[in-house]
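For ligands, and for the atoms within them, numbers begin at 1 and follow the listed sequence.
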Amino acid sequence: MLYRGLQQAGAAFQAGERLGSVLLEVVKSVVSATVALEYVELVDPTTLMPLEKVEEEGMLGVAARVGSTRLIDNIILRNCQPIVAIDGPAGAGKSTVARQVAAILGLVYLDTGAMYRALTWLVLHLEVALEDQCAIAEIASNCQIELAPSDNLEPVRVWINDQEGTQDIRSQNVTSNVSAIAAQPAVRKALVQQQQRWGKKGGLVAEGRDIGTHVFPNADLKIFLTASVHERARRRQQDFQDQGQANVSLEQLEQEISERDWKDSSRDVAPLQKAADAIEIQTDGLTIAQVVAEIINCYHERLSKQ
Ligand code: DC
């Protein structure tokens, strides 16, 4: 009965009702006199402070007694579009997969790695030492990074302080220095704030290392995409060949990927980690289309339960 009451209030919310007083009445109207309601409340899901109406997010909580048994339940009411978080190590195929998932679901693709790359490109361009955390913090909080959809091989188009860096941010020089920049606390603070601002209204497929654990811990669906080091090196080698770049050996790529895994997973701030509630997809032997289809399935299953 409590569950049904909350579900009906959820349906009223979906139909546009935002007032707490009305939503609480919906729950109460379903609960019969055989159940002694202790409370039904609308609160902020993070602070648990009472809310009069739902602006972006609310939690309807209910507690009741049936005989000597105390029952509790709640439902989250969210006034924004869903967020899908896709995390995983370098070369697991996140960009390609996230871009396709976003296109299918009609959501915006957010490549957070491109932001760390853009900042790294700027630091290298300004010839600031990687150890100069104060100077880099200043650059991180003052620079303008813009992302836009790309219609070619690159995951996204990127501008740093109005200068296009779409290709430059993928250079070997940026790739080998980005982990050192991404590990700096002030850098993460500035870029995560920007990502969270973009995510305020939802409607994103965000890809990175700390999305499900740190940037959007309340994401509607969390995926952890991974593959063996050998498989990821093989894919990178194929990418290089497709782009007509010099033949890089598999051993060298395996070593670089292992090093980047280690740096991204062992840093102090927001290390690469699988969120406890993330679904892990091991992609060795799967095609891109199969991985995308699996995520879309998970999405529909997860959202139909909300
Ligand atoms: O996904 P990518 O290779 O473009 O990411 C570049 C680097 O940025 C990667 O080495 C780790 C870092 N990164 C991060 O620390 N946090 C994110 N959310 C995304 C990327």
Exercise. Out of Gln195, Arg188, Gln273, which residue meets the side chain to side chain donor-acceptor pair (under 3.5 Å) rule with Asp210?
Worked result: Arg188
Exercise. Does a salt bridge link Glu256 with Arg260, judged by any charged N lying under 4.0 Å from a carboxylate O?
Worked result: no
For this session: Let me see the working for Asn177 and Thr120 under side-chain hydrogen bond (donor to acceptor under 3.5 Å, both in side chains), right down to the final yes or no.
Result: CA-CA 7 Å; Asn177 288 299; Thr120 304; over 6 Å; no
Exercise. Are Arg234 and Glu254 within salt-bridge range, i.e. N to O under 4.0 Å?
Worked result: no
For this session: With a 4.0 angstrom cut-off on heavy atoms, strictly below it, pick out the residues next to ligand 1 and order them by chain and number.
Result: Thr112, Gly113, Tyr116, Arg117, Arg170, Val178, Ser179, Ala182, Arg188, Glu207, Gly208, Arg209, Asp210, Arg260, Asp264, Arg267
Exercise. Where is the tightest heavy-atom contact between Gln290 and Leu286, given as atom of each residue plus distance?
Worked result: OE1-CA, 3.3 Å
Problem set entry | Worked check of side-chain hydrogen bond (donor to acceptor under 3.5 Å, both in side chains) between Ser265 and Arg209 | CA-CA 9 Å; Ser265 319; Arg209 304 293 190 286; over 6 Å; no
